Amino acid sequence: MEQEKKQFTIATAIPYLNAKAHIGHALEYVFSDVIARYHKQQGEDVVAIMGADEHGQKIARSAQDSGVTPQAYVDALVPKFLELHTALGVSYDRFIRTTDADHARIAQALWKKVQAAGFIDEREYEGLYCVGCEAFKTEAELVDGKCPDHLKEPEMIREKNYFFQLSKLQQALLEWYDAHPQWIVPQSKMNEMRAFIERGLEDISISRDVSKMSWGIPVPDDDSQVMYVWFDALPNYLTGAGVTPEMIASGDVSGSRWPVDLINLGKDINRFHAILFAAMLIAADLPLPKQLGVHGFISVNGQKMSKSIGNVIDPIDLIEKFGAEPTRYLLMAEIPFQSDGDISMEKLHDRYTADLSNGIGNLLSRTTTMVEKFCAQADECVCQESGFDASKAEEWKNEFAPHESAFAVAMRGMDFHIAIQQIQKIVSLCDEKLEQEKPWEVFKLKEEEFTARYGEALASLSYSLIGLRSIARLLQSFIPETAQKISKTVNVERIHHIRKAAPLFPRIELNK
RNA sequence: CGCGGGGUAGAGCAGUCUGGCAGCUCGCCUGGCUCAUAACCAGGAGGUCGUUGGUUCAAAUCCAACCCCCGCAACCA
């Protein structure tokens, strides 16, 4: 009997396709991929869901500006995002485009369920509409009562809209929060949302008049309206999880991957997930995702990344400079999941050199070089049997074990930068051991002395080999190909089969 | 008095709950080493722990007040 594998499903927030992929997307993808690979390594049955958010006013406008249809516009952008996935080695099992036909059916099924439950009604929406922007404006957006982009006073207009009765779900949301104190990671983001709810929720407009904005999923049974983009985008997780319209109608999602174990998203869209989506699901009597992971933003040299400052770092540039896997490592090492992180090319370069070239790469080089040299001599003058003393091996493993445990704790807590620190600690242990025991001195001894100290030298090298095996295991989620390379080099039956490894991370010059 | 997070070495951070020699990584200086990718190891310099006051044998840590920075403060995808 094959044992049932534990399932783990991770969804990643879908990017809004009104511009090309930036480093924030790269960061989010790598976070998700690292989590997915870690669970796979634990032997779980992992499904990763990603996608693209393709409807809404901004896209419609961007398309218009480019002189193409919205569909053509998003069709051209999707490959850019897929290229970034590929370039970063990020894999997914399902990629949901909100323009996919099956997604439209899910969004509509959810709408109907929420409507049937009595949480959607029709109202007059009254708002300040800027003709230039073709969009409603809030008071807060106006400068001196005028649209800052067009310097014109918006008109007060009315139109028919459907409203989602968020206010009725306030209490249910708070009850859900109380019952699931770990629902949002980090805790501070949960507190923000709770405070927000406690201030009182208002009903929100969830449809748009097609005469003003037609790029969206039609509201069921009403051709004059399309869905507000968030009401269409958020159910992508249901579509990705294999939920069907029938499941939504019945409320029985068994057979699908819903509810997902984790949705990984940026802090800017926390509210839409933690409040709007949660409320939609409660209204529809469907299970909520098990956890929201809210990650921070990247700043560059302490400044917000922006085109006007000119400090934008393109992920493709990073990949070209450092390589795909080092880029993954650097992002994970420098940006804590639970808060914002600041990077610069200098910082990334320093980290590359310290951790990868001088750390992991150099350790592999020095170790395998010595093993090869040592064993060449060993073949001539001593026995070529025996890897190393088994009891010693156990002892060494115990020295690495605390770091492996700390690594596991950090990974479960999504503290990836701390997990990476543990890997570097193992590297240091190996470097220190080699320095203390100086196996290379043994090479220089005359035959008799050499023979006498053979076991000792072999043991110190074995320490590093065991350390490298551990390092390869722990690196697996972060830089899988490199981890495999290390593993293949070091995990061989007999120590004298090991050959000098080529540099894993060649030094890189930082040209300013 | 809106809610929340933070201020510790040149940079980035841990330590604060539970008071007990102020730590880690990077950078810098000196020495050692030569197996290794000018790598590695050891030692060192560098701190009014935001400010002021209080409690205590003892405060980065507890208490009070104040200063500064940053998030959140809805239909923006």
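Remember, it's a predicted structure, so these values are computed and weren't measured experimentally. Proteins come first, then strands; the chains are lettered A, B, ... in the order of their sequence lines, and each starts at number 1.
A side-chain donor-acceptor contact under 3.5 Å links Trp183(A) to the backbone of Pro289(A). Formation of a donor-acceptor pair under 3.5 Å by the Asp340(A) side chain with backbone atoms of Phe297(A) is found in this model.
In this structure, Trp440(A) places its CH2 atom 11 Å from P of rC41(B), rounding to the nearest Å. In this structure, Arg499(A) places its CZ atom 18 Å from C1' of rA36(B), rounding to the nearest Å. Computed from coordinates, the Leu364(A) CG to rA36(B) P distance equals 13 Å when rounded to whole Å. Going from atom CG of Asp431(A) over to atom C1' of rG32(B) covers 15 Å, rounded to whole Å. Distance, Arg366(A) CZ to rU37(B) P: 11 Å, rounded to whole Å. To the nearest angstrom, C1' of rC35(B) lies 6 Å from NZ of Lys373(A). To the nearest angstrom, C1' of rA73(B) lies 10 Å from CE of Met193(A). Look at CD1 on Ile360(A): it is 13 Å from C1' on rU37(B), rounded to the nearest Å.
Within the 4.0 angstrom heavy-atom criterion, base atoms lie near Gly361(A). Among the atoms of the strands shown, only primed sugar atoms or phosphate atoms (P, OP1, OP2) are found under 4.0 Å from some heavy atom of Lys189(A). Backbone-only engagement by Tyr228(A) is indicated by non-hydrogen atom pairs under 4.0 Å involving sugar-phosphate atoms exclusively. Residue-level contact check: Ile275(A) touches neither bases nor backbone, having no heavy atom under 4.0 Å from any strand. Using a 4.0 Å heavy-atom criterion, one finds that Arg351(A) contacts no nucleic acid atom at all. Across all strands, Ser205(A) comes closer than 4.0 Å to base atoms (heavy-atom distances). At the heavy-atom level, Gly266(A) lies nowhere under 4.0 Å from the strands shown.
Under 4.0 angstrom from either OP1 or OP2 of rA39(B) there lies at least one side-chain N or O belonging to Arg507(A). Dashed line: the shortest gap from a side-chain N or O of Lys500(A) to OP1 or OP2 of rU37(B) is under 4.0 Å. At the phosphate of rA73(B), OP1 or OP2 sits under 4.0 Å from a side-chain N or O atom of Arg271(A).
A residue-by-residue look at Lys267(A) and Asn191(A) shows that Asn191(A) has its nearest nucleotide of RNA chain B further toward the 5' end. Residues Gly359(A) and Asp350(A) both approach RNA chain B. Their nearest nucleotides, taken by heavy-atom distance, put Asp350(A) toward the 5′ side.
Between rG6(B) and rC75(B), the distance separating the two C1' atoms is 31 Å to the nearest Å. rC13(B) and rU30(B) have their C1' atoms separated by 27 Å, given to the nearest Å. When the P atom is used for both rC24(B) and rG15(B), the distance is 15 Å, rounded to whole Å. Atom name P, nucleotides rG50(B) and rU8(B): the rounded distance is 6 Å, in whole Å. Straight-line distance between the P atoms of rA59(B) and rC70(B): roughly 33 Å, to the nearest whole Å. On the C1' atoms, rU61(B) is 11 Å away from rG20(B), given to the nearest whole Å. Here the separation of rG12(B) from rG54(B), taken at their P atoms, is 32 Å to the nearest Å. With both ends at atom C1', the span from rA45(B) to rA9(B) equals 10 Å, rounded to whole Å.
When distances are taken from the side chain of Asn362(A) to each of rG2(B), rG71(B), rC40(B), the shortest belongs to rC40(B). With rG71(B), rU37(B), rC35(B) as the choices, the nucleotide that has an atom nearest any side-chain atom of Pro503(A) turns out to be rU37(B). Taking every side-chain heavy atom of Leu166(A) into account, rA74(B) is the closest of rC3(B), rA74(B), rU37(B). Side-chain atoms of Ala354(A) lie closest to rC26(B) of the nucleotides rC26(B), rC33(B), rA39(B). Of the candidate nucleotides rC76(B), rC75(B), rA36(B), rC75(B) has the atom nearest to the side chain of Tyr125(A). Considering only side-chain atoms of Leu504(A), the nucleotide from rG71(B), rU37(B), rA36(B) that sits closest is rU37(B).
Of the residues listed (Asp222(A), Asp209(A), Asp121(A)), the one engaging Lys160(A) in a salt bridge (Lys or Arg N to Asp or Glu O under 4.0 Å) is Asp222(A), and it is the only one. For the side-chain contact (heavy atoms from CB on, under 4.5 Å) criterion with Leu474(A), the lone passing option out of Met411(A), Glu404(A), His403(A) is Glu404(A).
Base pairing of rG23(B) is made with rC13(B), judged by Watson-Crick or G-U wobble geometry with both donor-acceptor distances under 3.5 Å. Across all strands shown, rC28(B) forms a Watson-Crick or G-U wobble pair, both distances under 3.5 Å, with rG44(B). Pairing partner, rU56(B): none, since no Watson-Crick or wobble contact has both distances short of 3.5 Å. Across all strands shown, rC72(B) pairs with rG2(B); the Watson-Crick or G-U wobble distances both stay below 3.5 Å.
If you check distances only, the side chain of Glu334(A) never reaches the base of rG12(B) with a donor-acceptor pair under 3.5 Å.
With respect to the salt-bridge test (charged N to carboxylate O, under 4.0 angstrom), the residues Lys267(A) and Glu192(A) do not qualify. Residues Lys58(A) and Asp53(A) are not paired through a salt bridge, judged by the lack of any N-O separation under 4.0 Å between the basic side chain and the carboxylate. Between Arg97(A) and Glu54(A) there is a salt bridge, since a side-chain N of the basic residue sits under 4.0 Å from a carboxylate O of the acidic one.
Between the side chains of Thr12(A) and Glu28(A), no donor-acceptor pair of N or O atoms lies under 3.5 Å.
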